[in-house]
Amino acid sequence: MASTESQIRSLPVEDLYSRWGAGYNQGRVNNLQGLDDVQLETFLPKYISLLKSAFPEPLRVVDFGCGTGRNTFKLATVLPGSEIVGLDATKSLLDVAEKQSQDLFATTPAERRAKTVSFEVYNPLKEGSRIPPSAEQARGIICTLVLVHLELPGFFKMCDDMLVPGGYLLITNTHSDLAKISHGSFLDPETGERLWSDDHIHTIDDVKDEGGKWGFELLEIQEGIPEDPNMVGAMRGHWEGVKCWAGFILRKSPKTL
């Protein structure tokens, strides 16, 4: 995080993550991503339980904004026999995910993993972008630490187009309490510049209200404050005691609106 927005140069999302590279996927070195991993230890199983209760297996589940597959492969190992689809705007990150997918299939017995794990480039911010056929008629979508880059109406329209009636959506995002006092960024090791993309601050009420307009019922909210002092680290002035992470589980109306 950086405290002065004027020091941060804004880039389109795909350019930003191409410059950041696979190094962004560093777990607890990346503070918010580390907190996301911790919170998902309890939040993701709740979501998976809802999916399995609502739909016969196997399932088609989409990881939107999957990056290098940090959470795609969690889905692949808890939903054996299913179709897992990772979508991201940045091809260089998907190349890393593809390699990891090959490793998964080489080392994990078929009965303990997804039937298929596929990755496709998709950027809804680009005019004319279409949802890949592999991601249509999904029973579930997860979207982790991506919503900050998107406006809510366009995001929920995409989810409405992608999900079957009664499908489930899991979102994690920067909590608005943190977003109001600290702006995301990373330091480009080659140029020394601080880089980020345009941000959107979304409160819990914003997500609930906009989701409701598209027929999504908010089922559960979880908020996270870092408890590990090593995770807070240099961000102590911004992070300590602050709600930094928000998680949502929503269900699309079982009836087509």
Side-chain angles (χ1 to χ4, degrees), residues 10-20 24-25 47 51 54-55 58-73 75-76 79 82-101 114-173 197-200 202 206-207 210-216 248-257:
S10 180
L11 294 175
V13 170
E14 67 271 27
D15 295 339
L16 172 75
Y17 285 93
S18 292
R19 292 277 290 272
W20 200 348
Y24 93 97
N25 193 21
Y47 172 78
L51 270 180
F55 297 106
L59 304 170
R60 175 179 291 179
V61 181
V62 174
D63 183 0
F64 171 72
C66 66
T68 59
R70 177 174 62 97
N71 290 317
T72 316
F73 297 111
L75 294 175
L79 293 171
S82 296
E83 298 176 34
I84 309 300
V85 181
L87 304 178
D88 200 273
T90 306
K91 186 179 183 304
S92 60
L93 300 184
L94 293 180
D95 289 343
V96 176
E98 288 278 9
K99 175 61 169 62
Q100 292 180 334
S101 178
K115 180 181 179 181
T116 61
V117 178
S118 60
F119 297 94
E120 296 199 45
V121 175
Y122 172 59
N123 183 357
L125 296 176
K126 281 194 171 181
E127 187 174 352
S129 293
R130 296 179 178 273
I131 294 171
S134 62
E136 294 176 344
Q137 295 295 298
R139 268 53 178 175
I141 300 171
I142 71 168
C143 174
T144 56
L145 304 184
V146 175
L147 194 59
V148 67
H149 297 303
L150 303 169
E151 295 183 357
L152 290 178
F155 172 75
F156 278 109
K157 180 184 186 306
M158 178 198 73
C159 293
D160 185 42
D161 290 342
M162 200 178 291
L163 275 177
V164 300
Y168 287 88
L169 170 62
L170 179 149
I171 304 168
T172 71
N173 198 43
S197 179
D198 290 341
D199 272 5
H200 302 277
H202 303 307
D206 291 340
V207 173
E210 188 62 36
K213 294 176 185 178
W214 293 90
F216 285 86
F248 309 84
I249 296 176
L250 304 98
R251 184 187 185 214
K252 180 179 174 179
S253 171
K255 296 181 180 179
T256 303
L257 299 179

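- The distance from the CG atom of L150 to the CZ atom of F156 is 11.0 Å, given to the nearest 0.5 Å.
- Expressed to the nearest 0.5 Å, how far CD of Q100 lies from CZ of R70 amounts to 12.0 Å.
- When the salt bridge (Lys or Arg N to Asp or Glu O under 4.0 Å) test is applied to D161, the partners found at least two apart in sequence or on another chain are K157.
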Passes side-chain contact (heavy atoms from CB on, under 4.5 Å), C159 versus F216? Steps please.
CA-CA 10 Å; C159 293; F216 285 86; 3.9 Å; yes
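- Taking CZ of F155 as the start and NE2 of H202 as the end, the distance is 9.0 Å to the nearest 0.5 Å.
- For D95 and K99, the salt-bridge test fails: no basic side-chain N is under 4.0 Å from an acidic carboxylate O.
- Note that the CD1 atom of I84 and the CG atom of L59 stand 7.5 Å from one another [nearest 0.5 Å].
- Across all their heavy atoms, P133 and R60 have their closest contact at O-NH1, 3.6 Å.
- Between Y168 and F55, the ring-plane angle classifies as perpendicular under the 30° and 60° cut-offs.
- Ring geometry for F73 against F119 counts as tilted: the plane angle lies between 30° and 60°, on a 0 to 90° scale.
- Between I142 atom CD1 and L75 atom CG the span is 4.0 Å, to the nearest 0.5 Å.
- Closest non-hydrogen pair, A97 versus G69, comes out as CB-N, 4.1 Å.
- Judged by distance alone, the side chain of S82 and the main-chain N or O of A114 form no donor-acceptor pair under 3.5 Å.
- Tested against L94, the residues L87, T68, V121 include a single side-chain contact (heavy atoms from CB on, under 4.5 Å) partner, V121.
- The two residues V62 and A138 make their nearest non-hydrogen contact at CG2-CB, 3.8 Å.
- Shortest non-hydrogen contact noted between Y47 and G140 is OH-CA, 3.2 Å.
- Scanning all heavy atoms of the two residues, the minimum distance from S129 to N123 falls at OG-O, 2.7 Å.
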One pair to check against side-chain contact (heavy atoms from CB on, under 4.5 Å): L152 and L147. What are the steps and the verdict?
CA-CA 8 Å; L152 290 178; L147 194 59; 3.8 Å; yes
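- In this structure, T144 and L170 have side chains that are in contact, with non-hydrogen atoms separated by less than 4.5 Å.
- With sequence neighbours excluded, the residues satisfying side chain to side chain contact (heavy atoms under 4.5 Å, CB included) with T116 are E83.
- Among residues at least two apart or in separate chains, side chain to side chain donor-acceptor pair (under 3.5 Å) pairs with a member in residues 130-143 are E120-S134.
- Between the NZ atom in K213 and the CG atom in D160 there is a gap of 14.5 Å [rounded to 0.5 Å].
- G65 and V146 make their closest contact through O-CG2, 3.6 Å (heavy atoms, listed as atom of the first residue, atom of the second, distance).
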